[in-house]
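A note on names: the letters A, B, ... follow the listed sequences, proteins ahead of strands, and every chain is numbered from 1.
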Amino acid sequence: MAALLSLRAIGKSYGAVVALSAIDLDIDAGDVVGLCGDNGAGKSTLIRIISGALPPSAGEMRLDGRPVAFASPAAALESGVATIYQDLALAPRLAVYQNIFMGAEHLRRFGFLRLLDKRRMRAESAHFLARLNVDLPDVDRPVSDLSGGQRQAVAICRALRWNARLVVMDEPTAALGVRETRQVLDLIRELHAQGVTILIVSHNMDDLVAVTNRVVLLKNGRKIGECRTAAATADDLAHMIASGVVP
Amino acid sequence: MRTGLLIAATAAVLALAPDAHAMKLGIVAFQMSSETHARVANAAEAAAKQKGWEVTLLNSRGAMPEHAAQLENLISAKVDAILVAMGKPVETDAQLAQAKSAGIRVLTVMSGTSPHTLFDIQVNEYEVGAQAALYLLGQLNYQGGVLLSRFEGNVGTRIRGKVLDAVLSENTAVKILDSHGMARTASWRDDVKAGMSALLLKHQGKIDGIWASFDGQAFVIDDVLQGMGLAKGKLPLVSVDGGQEASARIRDKTSLMTATVAIPFERMGTAAVDALDRIVVQKKPKDDIVHGPYLFMGAVLVDASNVPAEGKWPW
Amino acid sequence: MNRLSEAATRAFIARYGTALGAVAVFVFFAAAAQNFLTPGNLAVVLKQISYIAILGIGFALALTAAELDLSFANVTSLAAVATGTLVHGGKPWGLAVLAGLAIGLAFGLLNGLVVTRLKVPSLIATLAVASIANGFAFMITGGVSIVGRWNPDFVFLGRGVVLGLPILVLWTAAAAALALFFLKQTRTGLHLTFTGEAEDAARLAGIATRRMKLLGLGLSGAAAGATAILLTASLSSAAPTSAGDFLLTAIAAVLLGMTMIEPGRPNVTGTLIGALIIGMLGNGLVLLGAPYYVQDIVLGIIIVASVSVSASTLTKAAFHV
Ligand SMILES: Nc1ncnc2c1ncn2[C@@H]1O[C@H](COP(=O)(O)OP(=O)(O)OP(=O)(O)O)[C@@H](O)[C@H]1O
Ligand SMILES: [Mg+2]
């Protein structure tokens with residue numbers, strides 16, 4: 001069976017700066033993969049290529065074995081690749097349910113008009129939140145009222161709304177406290193339990209060890225190797241990154 | 001906090017409002033930022049207050065919708081009379097008709113006439129123009145060359161120019177050397193300065209007198225002449241309007257401003273209040289004051305012989 | 001329990017404080033000014049605010065997409081002189097109405113294109129377009145206003161009375177209802193809101209944010225065109241600067257509106273209440289005999305107060321140039 005997503009020889013240069021070169025990566029359906037490396041290693045660049053925000057300069061990307069070239073993040077979303085950005089990309093003053101359905105609203109017929117089906121969107125929002133075991137009774141509350149962890153939940157619900165098969169998360173636990181980090185890790189496990197494939201970028205080795213099956217290591221725009229997390233500790237990973245050698 | 005501010009502001013207003021039962025007059029000036037409008041409105045307000053009337057002075061800020069709205073508000077306020085300075089009776093026909101049917105008498109100053117108003121107080125611009133033109137020709141002893149600063153964008157200044165043309169056509173020994181037509185822009189002063197400076201240089205030595213269609217232009221020309229080092233009496237400079245600055249320049253030993261025809265804006269305001277006093281308070285018929293739709297007021301020629309002291313008027 | 005109700009009270013004040021202020025202004029004038037509460041006067045107030053209410057709704061729609069439209073007053077004047085010229089020239093009044101609406105919409109779209117294609121910030125772009133509109137208005141008229149006794153059917157659009165109400169009040173209600181329906185019930189309306197609230201997020205979610213900005217500014221232009229027709233019909237005249245005065249008052253209505261209902265955000269209901277406050281003050285102060293400069297001072301205080309209140313929640317790019 002072909003991998004859900006496979007990258008071959010992906011490269012990206014910004015003028016003279018080579019941000020990525022010759023990246024090969026396969027992600028199987030249902031897997032939880034981590035991506036780590038030093039500052040400037042090329043993690044965000046790789047994620048932006050996968051999410052359709054940035055075209056690669058070289059290489060090939062396949063989804064379900066078929067070559068794809070996303071023209072925009074919206075195009076990636078429609079193919080089932082949803083990205084949750086570092087800054088979350090939510091509209092803080094709008095309601096939880098509006099954020100979950102942003103850009104993909106349910107409509108109902110009203111005579112010859114098609115109007116927003118708010119009742120259905122509220123109900124489904126509550127359902128998505130329940131699927132993630134998140135207790136958020138009022139989906140009409142503005143996102144600005146929520147905690148960091150709850151906001152991550154809203155962002156993840158957006159991915160569920162799109163029926164995303166691959167959810168890409170850029171630093172989901174950065175800027176979160178201990179309790180909220182644990183909440184987000186629970187969200188990721190919950191998502192995984194429901195069969196969603198996940199790619200996580202993080203600087204936090206403990207988090208990666210806690211939720212991923214496998215970690216891909218980048219250094220100076222190159223892939224230096226992969227490591228199964230069942231057999232590794234956070235310190236092992238940090239050491240590999242620092243030395244640039246993967247045993 | 002903000003509600004408090006609003007209430008404080010309106011409470012301050014309440015304190016300003018005088019007692020009821022007095023004659024209530026609403027005055028609407030079309031554009032208080034224009035000196036002539038303000039002179040009419042302020043003089044009328046002062047005259048009415050002297051009579052113990054309750055006065056509401058409004059400024060339409062030059063905007064028609066605001067002008068119409070203020071008339072409506074005054075009708076709602078059930079004032080006894082409305083005085084409109086430099087208004088637009090045709091545009092506000094509906095409001096004026098409404099005032100009439102509400103029994104509110106409306107008098108206008110320099111606005112034009114309407115079937116719904118008492119009459120309009122005006123100066124006769126043709127006469128004003130003739131006074132300025134004939135004075136200038138007298139100074140030249142009916143011969144020589146003149147420079148003109150014209151403005152075609154306003155009825156009054158246009159009429160003054162036409163009357164000057166008529167006077168010159170009867171006195172052919174006076175020649176127009178050149179004339180500058182002012183553009184209608186916010187920077188009209190620069191336009192007059194540039195245009196007239198060029199003409200002054202071009203005709204240097206041949207100019208016997210200068211005519212300007214209104215005082216504002218004359219002031220700019222006066223400054224140019226003074227800058228060229230000309231002394232008072234060297235060249236007669238004549239225009240029309242006659243505010244405090246015109247009088248000051250006529251008194252000033254260094255200015256070349258010779259004469260202006262002073263339009264009695266203040267007197268128009270007070271005459272309007274007097275007319276309303278007689279018609280509304282004393283219940284005299286309108287025809288006692290004037291027959292027809294216009295009441296013409298005389299303008300006064302002001303030169304060194306009758307220039308009033310600072311703060312005074314020539315009437 | 002006690003803390004909960006205190007928070008609820010605070011939330012209520014944040015949402016409805018200014019609306020309560022409007023009620024206070026109403027009660028104050030009803031008590032202080034003799035003729036304020038007469039049906040005739042209340043109709044006058046409602047009628048007078050219709051222009052700034054409709055223009056304000058247009059401005060609020062553009063601001064919903066985080067764009068400022070500072071051209072609407074000049075565009076209104078231009079559309080008014082165009083409409084007036086056609087009616088005055090004896091052309092069918094339906095044509096004149098269409099022309100007024102088309103000019104408004106066209107200038108709104110012009111604003112939108114300059115902002116979205118040429119990437120000129122709307123503060124600058126719409127000031128420039130305002131100057132263009134002003135130039136055309138003077139070109140058409142030579143500075144002289146167009147006045148006449150026009151086709152009564154046309155004049156009815158602005159002066160008519162329907163069901164005992166001034167027709168202007170009905171137009172305003174219709175404009176407000178349409179705008180509310182659009183914003184709250186349609187997908188495009190919600191996308192307009194997303195565009196203003198979180199442009200990057202909206203674009204990443206596949207919303208055509210540039211088209212939404214074009215739409216917001218276009219709608220503001222259309223509101224200017226509609227206002228121009230009502231103004232021209234109501235005054236039976238048009239001048240190249242007819243509507244210049246509305247710039248400040250209509251924006252003030254929107255800013256006042258942003259202090260209530262959906263605090264910090266432009267909203268239709270708030271704009272109507274804001275316009276009503278401004279209208280009541282203009283009318284009530286005259287009824288109390290206050291001189292003109294008091295109105296200017298009060299209006300200035302309102303703008304400062306409302307912006308200072310909404311600024312705390314207002315982090316819109318639009319106001320950061
Ligand atoms: N728009 C750009 N123009 C030029 N160079 C860029 C651009 N974006 C990224 N780079 C460069 O590409 C390289 C990879 O950057 P990238 O942001 O992908 O790193 P990262 O691994 O996400 O780092 P961090 O951990 O700090 O987020 C860096 O050298 C960076 O300076
Ligand atoms: Mg990064």
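- Considering every non-hydrogen atom in both A:W162 and C:A205, the closest pair reads CZ2-O, 4.1 Å.
- Taking CZ from C:F181 and CG from A:L113, the interatomic distance works out to 5.0 Å, rounded to the nearest 0.5 Å.
- Counting non-hydrogen atoms of other residues, nucleotides and ligands closer than 6.0 Å to CZ of A:R8 gives a total above 12.
- The environment of C:L118 atom CG is dense: over 12 non-hydrogen atoms of other residues, nucleotides or ligands sit within 6.0 angstrom.
- Counting heavy-atom neighbours within 6.0 Å of A:F110 CZ, excluding the residue itself, gives a total of 12 or less.
- Most heavy-atom pairs under 4.5 Å with chain C, from the set A:T83, A:L107, A:L77, A:N99: that is A:L107.
- When heavy atoms are compared at a cutoff of 4.5 Å, C:L204 approaches chain A by way of both its backbone and its side chain.
- Atom-to-atom distance recorded for A:E105:CD and C:I207:CD1 is 6.0 Å, nearest 0.5 angstrom.
- Shown here for A:A74 and C:G206, the closest heavy-atom pair between the two residues is CB-CA, 3.3 Å.
- Considering CD of C:E262 and CG of A:L94, their distance stands at 9.0 Å, rounded to 0.5 Å.
- In terms of modelled atom types and a separation under 3.5 Å, the side chain of A:K118 and the main chain of C:Q185 share no donor-acceptor contact.
- Here the CD-CD distance, from A:Q98 to C:E197, works out to 9.5 Å after rounding to the nearest 0.5 Å.
- When all heavy atoms are compared, the tightest approach of A:A89 to C:A201 is O-CB, 3.1 Å.
- In this structure, chain C has a heavy atom under 4.5 Å from the side chain of A:R108, while its backbone stays farther away.
- A distance of 10.5 Å separates CG in C:D200 from OH in A:Y85, rounded to the nearest 0.5 Å.
- Taking 4.5 Å as the limit, every side-chain heavy atom of C:T186 sits out of range of all side-chain heavy atoms of A:L116.
- Side-chain atoms of A:M102 and C:H191, non-hydrogen and from C-beta on, never get closer than 4.5 Å to each other.
- One finds the CZ atom of C:R187 at 11.5 Å from the NE2 atom of A:H106 (value rounded to the nearest 0.5 Å).
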